[in-house]
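Written out below as structure tokens is the structure these notes cover.
Labels below follow one simple rule: chain letters A, B, ... track the order of the sequence lines, proteins then strands, and each chain is numbered from 1. Keep in mind that this is a model prediction, so the values were computed, not measured. Below, each value reflects all heavy atoms present in this structure, side chains not excepted, and no hydrogens, waters or symmetry copies.
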Amino acid sequence: MKIDFWLLDINHEIVDARPEIRLWGIDSKGKRVLVRDKSFRPYFYLLAEDETAINRIADQIAKEKSQYPDVEKIGVLEKRFFGKKVKAIRVVCRDTEVIAKYAKSMAKIKGVEDHVEDDLRPSFRYIVDNDLRPCGWHRVEVRESLDQLDAQVDGVFDAAEAPTPIDRAGMPSLRILAFSIVCFSQRGAPKASRNPIVIISTCATGQKEKQFVADDSNERKIISNFVSYMQRYDPDVIVGYGSNRFDWPYLLERSKLMGAKLTVDRVRSGPHTSLYGHISVTGRANFDLFDLAEDIPEVKVKSLENVADFLGVVKRKERTLIDETELWPYWVDDKKRPTLLKFSIETSRSILGIASRMLDFAMQLASLTGLPLDHVEAAAVGFRVDWYLIKQAYKLGELIPRRVEQFYSPYRGAIVLPPKRGIHDKVAVLDFTAMYPNLMILHNLSPDTFIGPDEAPQNEITIVPEVNHRFRKDPPGFYKTVLSSLIAVREQIRKQLRTIDPKTIEYKILKEREKAVKVITNATYGYAGWVGARWYVREVAESAAAFGRVTIQEVIKAAGEIGLEVIYSDTDSIFVKHDASKTSLLLKRVKDELNMEIRPDKIYERILFTEAKKRYAGLLPDGTLDIVGMEVVRGDWANVAKNVQEKVLELVLKDKSPKRATEFVRRYIRDLREGKFELIDFIIWKTLTKPVEEYEVRAPHVEVAKRLLKEGWELTLGDKVGYVITKGLGKLFEKAKPYSMVSADELDLEYYLSNQIVPAALRVLEVLGVPEEELLGKERPGSLADYVR
DNA sequence: GCTCGTTGCTTACCT
DNA sequence: ACAGGTAAGCAACGAGCG
């Protein structure tokens, strides 16, 4: 019989010493199914130094049966490697474990030049070879499995053949479970070795919210109750916030200590660590929203409440908030405990809310890249691109290069023009649509079209300006093929979108798909210049950058000739004094002469530039402020400074009144001196980018981190440290303290005035000629008139 | 030993 | 753990100075 199923998770097992692929999905009737493919055999390729010797090598391996007992089949195939036709020996094995070992050993055989594709995980290999779409529909011929596994599904099937992806609208309705835990620790961060879990809160689609609360010492019970609830509800997706790093490892260790079984997956087993350092739950998709929060640059400190607030799930003001440093008093005090319970359930509620807004995008990314849902969420951008390219390479008959350590060698990037300082009225921004991808397509920049310095040039070639690298014009290279198709797909989605009602679910899903395609397209240039990339060839990225420089310079030159005043330019954009007819002339010229598309993006009513590059603020026609690069949008400035600067910008750009802006700052400072402030607005957040002991200088956030560590808090690479500057003598790092250990009256107001508030305000007002003394200093009646017309 | 300008480390941003 | 270009603060350094 044939069944249709939507692919949720995939893994591989060794059963009776044979590999077996397991596809976990949901069928068209909403039944949870497991499809097993026992026919899967892993393989890799060997390349020969001299292709005439290829059959001899293949024969030799076949003869060495004793050395390679798990080799099942050897064959010679026509493939491509970096665009060149090659003959490759395909070595098929019975066992997945031996692949890497055999490949390495066989690479030493005389005449063998290289080994490839031995570094692909079996389940990924299977996805690539069969063009499977995680979070997409498939059809497959199956028989009911004779050996029914103890799997928590409605049906177990043996695949008669590999599934094929099908076009089928809609998505099964998923059971999603959000969870969070609260641990009890009176000193420092909770340690699983000594501090118990006291609350587990869950929110799940179509379920009543549930809390598992330890009354005295029944932690074991709440864990097992949580586990049985998980089994009863049987979620498809489990979401947490920071769960890969905290909740899961904690639960694992506690359940081990308590002798409870954490059988939360669909094969009555526990969660395990997987490829991208995340926790995998077999048969379900375990999903940590914290990882996805990385993709929201607007949120600087990625706490759950901040992300929920930004996405409009739960406004910060409406949230019960307890700082992690003071959870325990809420637990021990009977009067306060209800607040803690509320905090905990609200945490899980927020998690479910965030999931409902982010899952669609993640699913589209999974389906596009071929990475299973839980992997795509955890994988960095580079690996998402990697997998997308691997899928495309397979379809094109290209061998997939191994990931090998490469020398890092930097190259020149884009051009940034110094802006014209001051305030300008009516400024239009023109920018290239996907400049780097289009340049790579236009000039066929690709690892397989690159002609090395020792290679003889052939046929028609392009010589890249400034860097003189050479590329074949034909045939189309790998990147050109892939990027063209991505751009075409995006165009097609856009066309489709125009025919659909924007209020429908279908529209939202397509929109998320478009976003996924865009993300992969835009990351390809960066990927090409990344030493970790499988298809890394520095010259490709270097050439794209060189073409980019030449191209934007041409545009700047043309703008000058047309008579458009260029105020600023960064990489692929120019800011010009607005003039509709001259602009359309420029657009046409760029299209005709450069073969590229430049597009008017927005027009600022007024825009302010300091002398610094990459920092400006503009007023849009709808009245919103677009603030770029300045303190307001930076996460490492205190709110007091950011708030002041934002207000100053507003007064300057909207009200055109530097005078009122100056008065505002003075009033703000006066209010501060009178004690009208809250500590939270003085916190400065900075990221730890390495382990504290590796720092060469004594920076405030590092000193604070050291102190927190000493007091038993856990801080690791990538964590944000929040500190404030307190009164006292000495260097800044000696005056910096963790914000949670300081009261408002200890703050060093003078520091915040002279190093945060005034500089932030002055950054703007300086442009308008307002001197520092005017903000800080004594009242000088009438002096404002000196510089404010 | 102190002051002051320079250098380098560090972080976070822009396209 | 996608690229390079950029601003900016602060610690550390070192020259100059009785």
Rounded distance (Å) that lies between atom [atom2] of [N] and atom [atom1] of [X]:
X        : N      : atom1 : atom2 : result
A:Ile552 : C:dG5  : CD1   : P     : 16 Å
A:Tyr525 : C:dC2  : OH    : P     : 14 Å
A:Leu762 : C:dA8  : CG    : P     : 12 Å
A:Gln645 : C:dA8  : CD    : C1'   : 13 Å
A:Arg412 : C:dT6  : CZ    : P     : 10 Å
A:Leu365 : C:dC2  : CG    : P     : 13 Å
A:Glu734 : C:dA11 : CD    : P     : 9 Å
A:Tyr388 : C:dC2  : OH    : P     : 19 Å

Just call it for [X]: base, sugar-phosphate, or nothing, with non-hydrogen atoms closer than 4.0 Å on any strand.
X        : result
A:Pro700 : nothing
A:Ala541 : nothing
A:Gly532 : nothing
A:Gly526 : base
A:Arg384 : nothing
A:Arg763 : sugar-phosphate

message: Based on the rotation axes of five pairs at each end, what angle does the helix from B:dG1-C:dC17 to B:dT15-C:dA3 bend through, to 10°?
response: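 Inter-axis angle at the termini of the helix from B:dG1-C:dC17 to B:dT15-C:dA3: 20°.
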
message: If you assign A:Leu717 and A:Ile415 each to the DNA chain C nucleotide with the nearest heavy atom, which residue ends up on the more 5' nucleotide?
response: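 Here A:Leu717 is the residue nearer the 5' end.
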
- prompt: Does OP1 or OP2 of C:dA8 have a side-chain N or O of A:Asn755 closer than 4.0 Å?
  reply: no

message: Taking the basic N atoms (NZ, or NE/NH1/NH2) and the acidic carboxylate oxygens, is any pair closer than 4.0 Å for A:Arg490 and A:Glu514?
response: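 Here A:Arg490 pairs with A:Glu514 in a salt bridge, since their nearest N and O are under 4.0 Å apart.
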
Basic-acidic side-chain contact under 4.0 Å: A:Arg534, A:Asp386: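 Yes, this pair counts.
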
- request: Using the C1' atoms only, state how far B:dC9 lies from C:dC2, rounded to an integer number of Å.
  value: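 C:dC2 and B:dC9 have their C1' atoms separated by 24 Å.
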
field: Per-nucleotide protein contact string for nucleotides 10-15 of chain B (B base, S sugar-phosphate only, - none; heavy atom under 4.0 Å)
entry: SBBSBS

task: Please determine if A:Lys515 forms a cation-pi arrangement with A:Phe361, meaning its NZ or CZ atom is less than 6.0 Å from the six-membered ring centre and no more than 45° off the ring axis.
output: yes

message: The criterion is side chain to side chain contact (heavy atoms under 4.5 Å, CB included); which residues satisfy it with A:Thr521, sequence neighbours excluded?
response: A:Pro437, A:Leu483, A:Leu486, A:Ile487, A:Val517

- prompt: Does any pair with a residue in residues 538-556 of chain A pass side chain to side chain donor-acceptor pair (under 3.5 Å), and if so which ones, sequence neighbours excluded?
  reply: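 Residue pairs with at least one partner in residues 538-556 of chain A: A:Ser409-A:Arg538, A:Glu466-A:Arg549, A:His469-A:Glu542, A:Arg538-A:Glu542.
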
Check nucleotides 1-3 of chain B for protein N or O atoms closer than 3.5 Å to its own N or O atoms and list the pairs.
none

Is the shortest heavy-atom distance from the side chain of [X] to the side chain of [Y] under 4.5 Å?
X        : Y        : answer
A:Leu275 : A:Phe383 : no
A:Tyr276 : A:Asp291 : no
A:Lys731 : A:Arg698 : no
A:Phe124 : A:His375 : yes

- prompt: Quick check: does any side chain N or O of A:Thr687 sit under 3.5 Å from a backbone N or O of A:Thr689, one acting as donor and the other as acceptor?
  reply: no

- prompt: Can you tell me if A:Glu398 uses its side chain to pair, donor with acceptor, with the backbone of A:Phe82 under 3.5 Å?
  reply: yes

query: Looking at the side chain of A:Val416, which of C:dA12, C:dG5, C:dC2 is the nearest nucleotide?
result: C:dG5

task: Could you check which of C:dA3, C:dG4, C:dC10 has an atom nearest any side-chain atom of A:Leu732?
output: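 Among C:dA3, C:dG4, C:dC10, the one nearest the side chain of A:Leu732 is C:dC10.
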
field: A:Tyr739: partners by ring-ring contact (aromatic ring centres under 6.0 Å, His included), with sequence neighbours left out
entry: A:Trp685

task: Can you spot which of A:Phe547, A:Phe450, A:Phe471 makes a ring pair (Phe, Tyr, Trp, His ring centres under 6.0 Å) with A:His443?
output: A:Phe547

